[in-house]
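Scroll down for the structure; my scribbles are underneath it.
First the proteins, then the strands, lettered A, B, ... as listed; each starts at 1.
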Number of protein chains: 2
Amino acid sequence: MGLPEPNVGVTMLVVDLARLLRRNFEAELSKVDTGLTAGEARTLFYVWRLPGQRQAVLADAMYVEPMTLVGYLDTLEKAGLIKRCTDPSDRRAKLVELTPKAQPLLENIGTALHAVRSRALENIPPDKRQVLEMLLQTMKDGLLEEVSKGKQK
Amino acid sequence: MGLPEPNVGVTMLVVDLARLLRRNFEAELSKVDTGLTAGEARTLFYVWRLPGQRQAVLADAMYVEPMTLVGYLDTLEKAGLIKRCTDPSDRRAKLVELTPKAQPLLENIGTALHAVRSRALENIPPDKRQVLEMLLQTMKDGLLEEVSKGKQK
DNA sequence: CCTAGTTCGTAAGGTAACCTTACTAAAAAA
DNA sequence: TTTTTTAGTAAGGTTACCTTACGAACTAGG
């Protein structure tokens with residue numbers, strides 16, 4: 001009596017999983033040094049994936065507020081890993097580019113990501129991995145919908 | 001050239017997913033009021049699942065440091081949702097119990113969890129959900145191993 | 001029994017990932 | 001040309017953690 005339904009436990013499992021994944025990523029990241037925090041590494045990763053984009057576009061892709069991105073970019077810029085170039089077609093906007101110095105860092109981040117991946121998948125039979133990854137992508141899409149819904153206040 | 005391997009993207013997807021799940025949980029939680037933060041709600045949930053346990057046991061189950069738990073329990077206790085009773089067999093230890101007042105809150109947390117679950121699974125064909133949940137559990141187990149390995153310094 | 005080492009919870013203080021609000025400068029619309 | 005929108009940012013807050021340092025109580029070893 002009064003018990004929330006059984007599936008609730010499964011969802012908390014997912015919430016816990018989220019925590020653990022983040023933690024693992026942070027731990028692996030600190031192992032490969034880089035001197036970056038998780039947020040900064042994530043940002044660098046996104047700049048690598050979307051080079052020469054405006055901060056607003058980047059923030060949108062990362063699902064953080066523009067202001068949050070500013071902080072990460074400030075650090076990365078001070079460390080000489082990215083540069084902000086004024087958009088020739090709009091003097092307010094800045095296009096974010098990687099510097100050559102970022103290359104080795106990206107490789108380290110890649111190593112960390114790889115480690116997390118191996119760990120997460122180590123007990124999953126290889127033939128199921130493909131399925132899992134697709135399902136995860138689908139999950140992400142579902143969750144994104146709601147996040148953006150919330151935004152268009 | 002210089003590109004980290006392709007799977008790196010998939011792992012970042014999982015890292016992003018972790019972020020989104022947390023965020024969704026927080027958002028849903030604030031919708032159903034409760035006045036609790038995500039960490040506090042998670043704690044209450046665990047007390048419900050492991051009633052009458054010591055704080056150390058609880059912290060262990062939640063994979064947080066005992067000190068982290070103290071903060072959450074302090075808030076919950078002040079709100080009259082749990083109580084700490086001295087363990088009769090060890091005057092240092094405290095056993096954590098729910099109070100009756102916690103019941104409705106737990107139901108709200110259940111609602112929030114349910115919402116996250118629906119959202120996360122909405123685009124997943126029902127016949128795949130079972131598989132997904134099993135895979136997620138397996139993933140969690142893999143990640144936990146490493147976390148605990150790190151702990152036994 | 002008594003001393004030495006463990007264990008339980010906790011106070012103090014720190015870091016990192018975010019967010020909101022408020023502002024300036026520039027562009028776009030009216 | 002005035003008004004409105006948009007791009008970035010400074011300032012400051014919240015939450016989820018962690019580490020370090022301790023005192024009080026249990027457990028062993030002699």
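- Atom NZ in A/K94 sits about 12 Å away from atom C1' in C/dA26, given to the nearest Å.
- Side-chain contact between A/T11 and B/H114 is absent, with no heavy-atom pair separated by less than 4.5 Å.
- The listed nucleotides are C/dT20, C/dG9, D/dC18; the one nearest the side chain of A/E65 is C/dT20.
- Side-chain proximity of B/T68 to the nucleotides D/dT20, D/dC17, C/dA27 is greatest for D/dC17.
- In this structure, CD of A/E40 is placed 12 Å from C1' of C/dT15, rounded to the nearest angstrom.
- Taking atom CG on A/L95 and atom P on D/dA7, their separation rounds to 12 Å, with Å as the unit.
- Counted by atom type alone, B/N24 and B/E28 present zero donor-acceptor pairs between their side chains at under 3.5 Å.
- Under the salt bridge (Lys or Arg N to Asp or Glu O under 4.0 Å) criterion, B/R92 pairs with B/D90, not counting sequence neighbours.
- Annotation: of the two residues near DNA chain C, B/V57 and A/P66, the 5′-most nearest-nucleotide partner is B/V57.
- In this structure, the CE atom of A/M67 is 13 Å from the C1' atom of C/dA17, given to the nearest Å.
- Within the structure, a side-chain polar atom (N or O) of B/R23 is placed less than 4.0 Å from OP1 or OP2 of C/dC19.
- The separation between B/R42 atom CZ and D/dT15 atom P is 17 Å, rounded to whole Å.
- Distance, B/R22 CZ to D/dA16 P: 7 Å, rounded to whole Å.
- The side chain of B/D90 sits closest to D/dA25 out of D/dC17, D/dA25, C/dA12.
- Put simply, B/R19 has no side-chain N or O that comes within less than 4.0 Å of OP1 or OP2 on C/dA17.
- For A/D74, the side-chain atoms get nearest to D/dA10 when compared with the rest of C/dC19, C/dA26, D/dA10.
- Regarding B/L29, its CG atom lies at a distance of 14 Å from the C1' atom of D/dA16, rounded to whole Å.
- In this entry the distance linking OH of A/Y46 with C1' of C/dA17 reads 15 Å, nearest Å.
- Remark: the backbone N or O of A/R19 is not paired with any side-chain donor or acceptor of B/R22 at under 3.5 angstrom.
- In terms of phosphate contacts, B/R91 brings no side-chain nitrogen or oxygen within less than 4.0 Å of OP1 or OP2 of D/dG23.
- Residue side chain A/R92 does not reach the base of D/dA7 through any donor-acceptor N/O pair under 3.5 Å, judged by distance alone.
- Within the 4.5 Å cutoff, the side chain of A/L76 has heavy atoms near those of the A/L36 side chain.
- Across all strands, B/T37 comes closer than 4.0 Å only to sugar-phosphate atoms, never to a base (heavy-atom distances).
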